[in-house]
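These notes are about the structure you will find just below.
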Amino acid sequence: MLEVLFAMGLFSLLAFFMTSTLISINSWNEIEDASVDRMEWNVFIRQLDQEIQQASTWSVPNPRILSLQAGAERVTYESYGVIIRRRVGGEGHEVILQKVKNYSFQINGDELTVTVQKQNGGQYEKKIYKRYMYEPSL
């Protein structure tokens, strides 16, 4: 009888610690997903900023397509399912952002506003400005 009580007590302790461990592992995964989303967003914005600075012309034919002309290459950012992809010269399929619910590009003068809503509810917005090289007059 004492052995049964001891075994039940030991089982209860193990069940309690296993449950709390599994709950904490699940919360780590949520934190990691948010961190990966943020990192992916930062890489996207840095790459987009570099391409805008190198582009001679840029346009938004509709709020879901960004078109950049850099030299002889035309680079487009567009949706493909739940991702935003980058294409060069109408070819290729470079995944830039994943798990995108909604997004838009908007140009106002020399300013591009990028707004993205992820499937997990995360929302991101960034304004990118075209910078020009200053050339002093002589």
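Residue indices begin at 1 and follow the sequence shown.
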**OP:** Give a yes or no answer on whether the side chain of Lys130 reaches the backbone of Gln53 with a donor-acceptor pair at less than 3.5 Å.
**Re:** yes
Original post:
Thr113 versus Ile128: any side-chain heavy-atom pair under 4.5 Å?
Top reply: no
**OP:** State whether the side chain of Glu125 and the backbone N or O of Lys127 hold a donor-acceptor pair below 3.5 Å, judged by distance alone.
**Re:** no
Original post:
Should Asn42 and Lys126 be marked as a side-chain contact (heavy atoms from CB on, under 4.5 Å) after you check the CA-CA gap, both sets of side-chain angles, and the distance that decides it?
Top reply: CA-CA 10 Å; Asn42 287 334; Lys126 181 70 177 176; over 6 Å; no
Original post:
So, Ser67 and Arg74: side-chain donor and acceptor under 3.5 Å apart, yes or no?
Top reply: yes
Subject >> Ile107 side, atom CD1; Leu66 side, atom CG - distance, nearest 0.5 Å >> reply: 6.0 Å
**OP:** With rounding to the nearest 0.5 Å, note down the distance linking CG in Leu68 to CZ in Arg86.
**Re:** 9.0 Å
**OP:** Give a yes-or-no answer on whether the side chains of Glu51 and Tyr77 include a donor-acceptor pair shorter than 3.5 Å.
**Re:** yes
Original post:
What residues form a ring-ring contact (aromatic ring centres under 6.0 Å, His included) with Tyr129, not counting sequence neighbours?
Top reply: none
Original post:
Same hydrophobic cluster for Trp58 and Ile84, using side-chain heavy-atom links shorter than 4.5 Å among ILVMFWY?
Top reply: yes
Subject >> side-chain contact (heavy atoms from CB on, under 4.5 Å) between His93 and Ile83, worked out >> reply: CA-CA 10 Å; His93 177 82; Ile83 65 168; 3.6 Å; yes
**OP:** Supply the atom-to-atom distance Gln123 CD to Lys101 NZ, rounded to the nearest 0.5 angstrom.
**Re:** 9.0 Å
Original post:
Are Leu97 and Val88 linked, directly or through other ILVMFWY residues, by side chains that come within less than 4.5 angstrom of each other?
Top reply: yes
Subject >> Arg64 CZ: over 12 foreign heavy atoms closer than 6.0 Å >> reply: yes
Original post:
Could you go step by step and tell me if Gln47 and Glu94 meet the side-chain contact (heavy atoms from CB on, under 4.5 Å) rule?
Top reply: CA-CA 12 Å; Gln47 179 178 353; Glu94 183 181 350; 3.9 Å; yes
Original post:
Do Tyr124 and Ile96 share a hydrophobic cluster, counting only Ile, Leu, Val, Met, Phe, Trp and Tyr and linking them when any side-chain heavy atoms are less than 4.5 Å apart?
Top reply: yes
Original post:
For Val60 and Phe105, which heavy atoms make the closest approach, and how far apart are they?
Top reply: CG1-O, 3.6 Å
Subject >> Candidate pair Arg87 and Glu78, rule salt bridge (Lys or Arg N to Asp or Glu O under 4.0 Å), full reasoning >> reply: CA-CA 8 Å; Arg87 301 180 81 195; Glu78 59 189 19; 3.4 Å; yes
Original post:
Within the distance-only criterion (no hydrogens, no angle test), does the side chain of Tyr103 pair as donor or acceptor with the backbone N or O of Ser79 below 3.5 angstrom?
Top reply: yes
Original post:
Side chain of Ser56, backbone of Ala70: donor and acceptor closer than 3.5 Å?
Top reply: no
**OP:** Look at the side-chain heavy atoms of Ile, Leu, Val, Met, Phe, Trp and Tyr, link any pair under 4.5 Å apart, and say whether Val43 and Ile45 land in one connected group.
**Re:** no
Original post:
How far does CD of Gln119 sit from NZ of Lys99, to the nearest 0.5 angstrom?
Top reply: 8.0 Å
Subject >> side chain to side chain donor-acceptor pair (under 3.5 Å) involving Gln98 - partner list, sequence neighbours excluded >> reply: Glu40
